[in-house]
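Here is how names work: the chains are called A, B, and so on, in the same order as the sequence lines, proteins then strands, and each is numbered from 1.
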Number of protein chains: 2
Amino acid sequence: MDHPSPHADLLDALHQRLGERGLLRDPAAMARYLSDWAGERLGMPLAVARPASTTEVAETVRLCRAHGVAMTPQGGHSGLVAGALPAADGGELVISLERLDRIRDIDPVNFTMTVDAGCILETIKQAAAEHDCDFPLSLGAQGSCQIGGNIATNAGGLNVLRHGMMRQLVLGLEVVLPDGRVWDGLTALHKDNRGYALAQLFLGSEGTLGIVTGAVLKLSPRAIQSRTALLGLPSVEAVIALYGRARRECCDLLSAFELIPRRCLELAMEATPELTEPLDAPDPWYVLMEVSASGAMDLDAMLEGLLAHGMEANLVRDGALASSDAQAARLWQFRESMLEGQRRRGEHLRTDISVPISAIPDFVAQASRAIHARSPDCEIIAYGHVGDGNLHFNILPPAGMAETQKKAHLHDLETRLFEILDEFGGSLSAEHGIGRTKQAAYLARLSPVERELVEGIKALFDPAGLMNPGRILPDRR
Amino acid sequence: MDHPSPHADLLDALHQRLGERGLLRDPAAMARYLSDWAGERLGMPLAVARPASTTEVAETVRLCRAHGVAMTPQGGHSGLVAGALPAADGGELVISLERLDRIRDIDPVNFTMTVDAGCILETIKQAAAEHDCDFPLSLGAQGSCQIGGNIATNAGGLNVLRHGMMRQLVLGLEVVLPDGRVWDGLTALHKDNRGYALAQLFLGSEGTLGIVTGAVLKLSPRAIQSRTALLGLPSVEAVIALYGRARRECCDLLSAFELIPRRCLELAMEATPELTEPLDAPDPWYVLMEVSASGAMDLDAMLEGLLAHGMEANLVRDGALASSDAQAARLWQFRESMLEGQRRRGEHLRTDISVPISAIPDFVAQASRAIHARSPDCEIIAYGHVGDGNLHFNILPPAGMAETQKKAHLHDLETRLFEILDEFGGSLSAEHGIGRTKQAAYLARLSPVERELVEGIKALFDPAGLMNPGRILPDRR
């Protein structure tokens with residue numbers, strides 16, 4: 001006879017309430033809920049609940065609360081800080097939002113869309129486009145990530161400099177609180193100054209204060225044209241100076257401004273042999289930029305003017321302006337392929353840091369010196385979103401280093417990098433969040449005052465400590 | 001012999017700590033801290049503290065906390081919901097931020113400025129302009145309001161459709177908590193996903209969770225050109241349709257789009273005789289709009305195109321495009337003078353409501369019918385910021401109504417208006433906040449779940465309930 005599984009009563013109650021499709025207990029069926037984009041995996045959950053409505057999410061949460069079982073809300077598994085992975089102890093119930101996948105309403109006159117939390121970002125972007133609108137959040141994972149996860153992690157991505165983080169793109173939220181009650185904050189109002197900003201508190205709380213089940217998103221007029229350019233520059237200082245010019249000359253139409261080091265272009269060309277040298281001669285730094293507009297205006301003239309002024313000022317050495325969508329896609333392929341090239345190098349340190357934009361040149365120089373002082377043969381690849389001061393300052397371990405040594409070596413370099421970052425008033429998590437992976441480094445830098453406030457908010461919303469425990473803050477149970 | 005004033009010990013300690021200039025106790029000297037823009041006045045405070053630094057604010061708060069004395073943080077007295085007026089009971093200490101008036105730092109490369117909370121908005125805008133940047137918040141009261149008050153109330157104004165509310169314009173905050181400790185959240189990072197969004201919680205909390213003493217503001221490239229147009233339209237439906245076109249054709253360069261009814265133009269011309277009929281013939285509705293750009297581009301062609309397309313589609317009847325700054329200023333004078341014309345009518349109902357943009361035509365029609373059904377001879381003046389769904393749906397009492405009847409009559413009409421607003425999912429405070437004036441109507445609509453969360457947050461940050469008590473939430477002492 002089988003041993004009764006722990007919490008058999010809870011699982012029976014969930015099974016009865018959610019039905020066959022709503023509760024997975026078979027390890028094979030659960031496999032795809034156990035790992036994230038980076039392939040990390042911690043443990044096996046109690047089960048995977050797949051509620052199909054806000055009411056079912058609320059009942060699932062009430063049952064967990066009654067049985068004292070911890071919950072892991074889960075979107076599209078594209079997080080990078082292990083925030084949505086079930087704990088190693090096997091005691092958590094995964095609550096997947098994937099069946100809450102309805103677009104509830106689109107109001108193109110109000111420039112809003114109301115969606116279930118489990119909607120895939122790409123689906124939302126397509127639905128907006130069908131109504132002559134854009135939902136501007138743009139991420140590598142947009143084909144699989146869910147909007148609820150984007151909200152819980154305050155997602156960023158490529159277009160933040162123009163349209164802001166997820167925080168700026170949400171008007172209202174519907175949230176199942178840790179006790180199973182529903183907070184209905186689903187307002188479609190562009191301006192609303194009633195009381196405290198509860199929706200803003202849930203945004204970026206990584207599922208630790210409740211489970212987002214629905215949202216009202218802010219749309220933009222659909223861009224009917226865009227232009228992409230790849231520019232070669234002599235230095236990071238020149239990149240920053242060009243950014244200031246671009247913000248001015250492009251009149252708020254600048255939608256991306258990516259810093260790319262020469263090494264990344266080489267990695268991209270290694271990973272994708274069809275990609276060939278994009279400019280006449282190699283340059284130490286590149287900028288991949290895009291302008292876009294929802295109306296008729298001469299974007300070519302705008303970009304050509306910027307390029308000409310940049311060359312006159314000795315900021316830009318050379319540049320390629322895409323004259324077709326295919327050429328633009330080819331330029332963007334460098335951005336995608338460089339990530340693939342990096343991945344192929346095996347284990348490496350990925351970071352997601354930010355500093356003031358004005359500090360980027362000094363930070364890159366000082367951090368590079370400090371890292372090379374400690375590890376002369378490691379390879380630094382620092383690329384990022386200039387307009388957000390957001391760098392992915394990544395480090396490949398020295399070629400030939402034994403696999404067994406890599407983890408400790410990279411951790412040591414990360415520690416050193418974060419020390420330099422502290423001197424610049426930077427953030428060790430610009431857009432990925434804290435989750436589990438960055439918790440120790442986050443807590444070590446938290447002031448006692450802030451820690452008390454943050455712990456107090458967690459205790460207020462989730463006194464039993466069952467909602468995504470151990471993410472952001474230590475598990476207090 | 002004088003009776004010792006209540007809390008003589010506290011006042012002595014404050015006097016010793018803040019000095020002669022830092023503590024006002026003479027009723028004449030205190031007079032200007034007792035009333036707001038609307039001329040309302042509730043009572044006399046214990047005294048007015050004028051700390052000159054964050055440290056002095058913190059010490060003032062610690063002393064108040066130790067003596068159990070309530071505090072009224074105060075900026076530029078331009079609030080409209082009596083949130084910063086000292087209570088009628090005479091037991092509150094006003095803490096004016098006016099001496100914290102330093103611009104701490106401007107970083108035009110990072111597009112940020114760090115300021116003391118007492119800086120006047122206009123001063124901040126000028127300082128930004130000197131560095132070739134804009135701070136885009138734009139309000140009627142900008143010559144006197146302080147940035148700390150703008151932050152505490154999440155101020156809106158004319159440019160929200162392009163640049164967002166104050167919430168979108170703040171990167172970091174420094175706050176003195178109700179126990180006198182300082183939360184240093186003064187980050188100048190454009191992207192930072194560490195932990196909960198504390199700064200967002202303080203934004204719009206109306207001084208009930210702590211006193212903002214400093215902020216890092218987000219700047220924009222300075223607009224080097226702008227164009228203003230006044231258009232005449234046949235209906236509110238046409239205004240909304242034109243707004244959608246304007247958002248698209250003006251490519252995110254639309255910085256204002258104001259709805260003005262014919263009656264407001266008449267009020268403006270009555271108040272300012274130099275203003276004459278702006279278009280060839282009267283129209284029932286007008287739009288005052290502005291586009292602006294930080295670079296060289298043909299804004300005239302953009303506006304002329306919009307006007308031509310609007311006329312082709314029978315949305316626009318006529319329009320005046322300002323061809324000089326003086327002409328533009330003249331058009332904007334209609335917006336200013338109509339407020340003056342309204343003020344001259346004496347006591348009237350001012351509201352600050354929002355609905356989804358798509359609901360504006362139906363809301364205006366239904367609300368007007370409902371109000372006239374109850375008060376056939378009152379006069380409705382509904383103007384507002386179309387892009388934010390924000391209407392100032394104001395009501396002048398019937399001509400000839402006895403002064404003694406007006407208050408009750410207007411209150412009755414407000415109650416009816418809010419009933420209609422509820423049917424549209426609207427907000428009774430789009431940008432002015434709750435303060436004292438809107439508390440009853442706010443609380444009556446608050447769900448038990450939300451009330452519990454909001455009261456919990458207040459109790460967490462301010463367990464003694466001494467920080468701006470009775471604003472937003474009832475005084476719990």
Heavy-atom pair count under 4.5 Å with chain A, highest-scoring of B/G389, B/S205, B/G305: B/S205
Between B/G426, B/G204, B/G164, the one whose heavy-atom pairs under 4.5 Å with chain A are most numerous: B/G426
When you compare the side chain of B/R167 with that of A/R167, does any pair of heavy atoms fall below 4.5 Å? no
How about B/I457 and A/L460: do any of their side-chain heavy atoms sit closer than 4.5 Å? yes
Part of A/D352 within contact of chain B (heavy atom distance under 4.5 Å): neither
Pair B/D192, A/S427: side-chain N/O donor-acceptor within cut-off below 3.5 Å: yes
Are B/N390 and A/H190 close enough that some pair of their side-chain heavy atoms sits under 4.5 Å apart? no
One pair to check against side-chain contact (heavy atoms from CB on, under 4.5 Å): A/H163 and B/D252. What are the steps and the verdict? CA-CA 11 Å; A/H163 298 283; B/D252 283 5; 4.2 Å; yes
Give, as side chain, backbone, both or neither, the part of A/V160 having an atom under 4.5 angstrom from any heavy atom of chain B. side chain
Quick one: CG on A/L453 to CZ on B/F461, what's the gap to the nearest 0.5 Å? 4.5 Å
If you apply the rule side-chain contact (heavy atoms from CB on, under 4.5 Å), what do you find for A/V449 with B/V182, and how did you get there? CA-CA 8 Å; A/V449 172; B/V182 177; over 6 Å; no
Taking only heavy atoms into account, what residues of residues 170-179 of chain B are found under 4.5 Å from chain A? B/L177
Looking only at B/T112, B/D132, B/L203, B/L186, the option with the highest number of non-hydrogen pairs under 4.5 Å against chain A is B/D132
For residues A/N193 and B/S429, is any side-chain donor paired with an opposing acceptor at under 3.5 Å? no
Counting heavy-atom pairs under 4.5 angstrom with chain A, the leader among B/R247, B/R222, B/E206, B/E249 is B/R247
Which value, rounded to the nearest 0.5 Å, describes the distance between B/D298 atom CG and A/D298 atom CG? 10.5 Å
Quick one: side-chain contact (heavy atoms from CB on, under 4.5 Å) partners of A/E304, sequence neighbours excluded? A/D300, A/L321
With a 4.5 angstrom heavy-atom cut-off, which part of A/R445 approaches chain B: side chain, backbone, both or neither? neither
Do B/E450 and A/L198 make a side-chain contact, defined as non-hydrogen atoms from C-beta onward lying under 4.5 Å apart? yes
Do B/F202 and A/Y196 come close enough that some side-chain heavy atom pair is under 4.5 Å? no
With rounding to the nearest 0.5 angstrom, report the CG to OG distance, A/L189 to B/S354. 4.0 Å
Can you confirm whether A/L253 sits close enough to B/C251 that some side-chain heavy atom of one is under 4.5 Å from a side-chain heavy atom of the other? yes
Which of B/V109, B/I353, B/D388, B/I240 touches chain A most, by non-hydrogen pairs under 4.5 Å: B/D388
Rounded to the nearest 0.5 Å, what separates atom CG in A/L201 from atom CG in B/L201? 5.5 Å
Please classify the contact of A/I434 with chain B as side chain, backbone, both or neither, using a heavy-atom distance under 4.5 Å. both
Out of B/T208, B/L209, B/L161, which one racks up the most heavy-atom pairs below 4.5 Å with chain A? B/L209
Within the 4.5 Å heavy-atom criterion, are A/K438 and B/R194 side-chain neighbours or not? no
Select, from A/N110, A/L428, A/V355, A/T187, the one with the greatest count of heavy-atom pairs under 4.5 Å involving chain B. A/N110
So which part of A/D107 gets closer than 4.5 Å to some heavy atom of chain B, the side chain, the backbone, both or neither? side chain
Quick one: CZ on B/R248 to OG on A/S294, what's the gap to the nearest 0.5 Å? 7.5 Å
Is A/T153 close to chain B through its backbone or its side chain, or both, or neither, when contacts mean heavy atoms under 4.5 Å? backbone
Can you tell me which portion of B/R162 sits under 4.5 Å from chain A's heavy atoms? Options are side chain, backbone, both or neither. side chain
Rounded to the nearest 0.5 Å, the NE2 atom of A/H432 sits from the NZ atom of B/K191 at a distance of 8.0 Å
Who wins among A/A293, A/P356, A/G185, A/A197 for the most heavy-atom pairs under 4.5 Å with chain B? A/P356
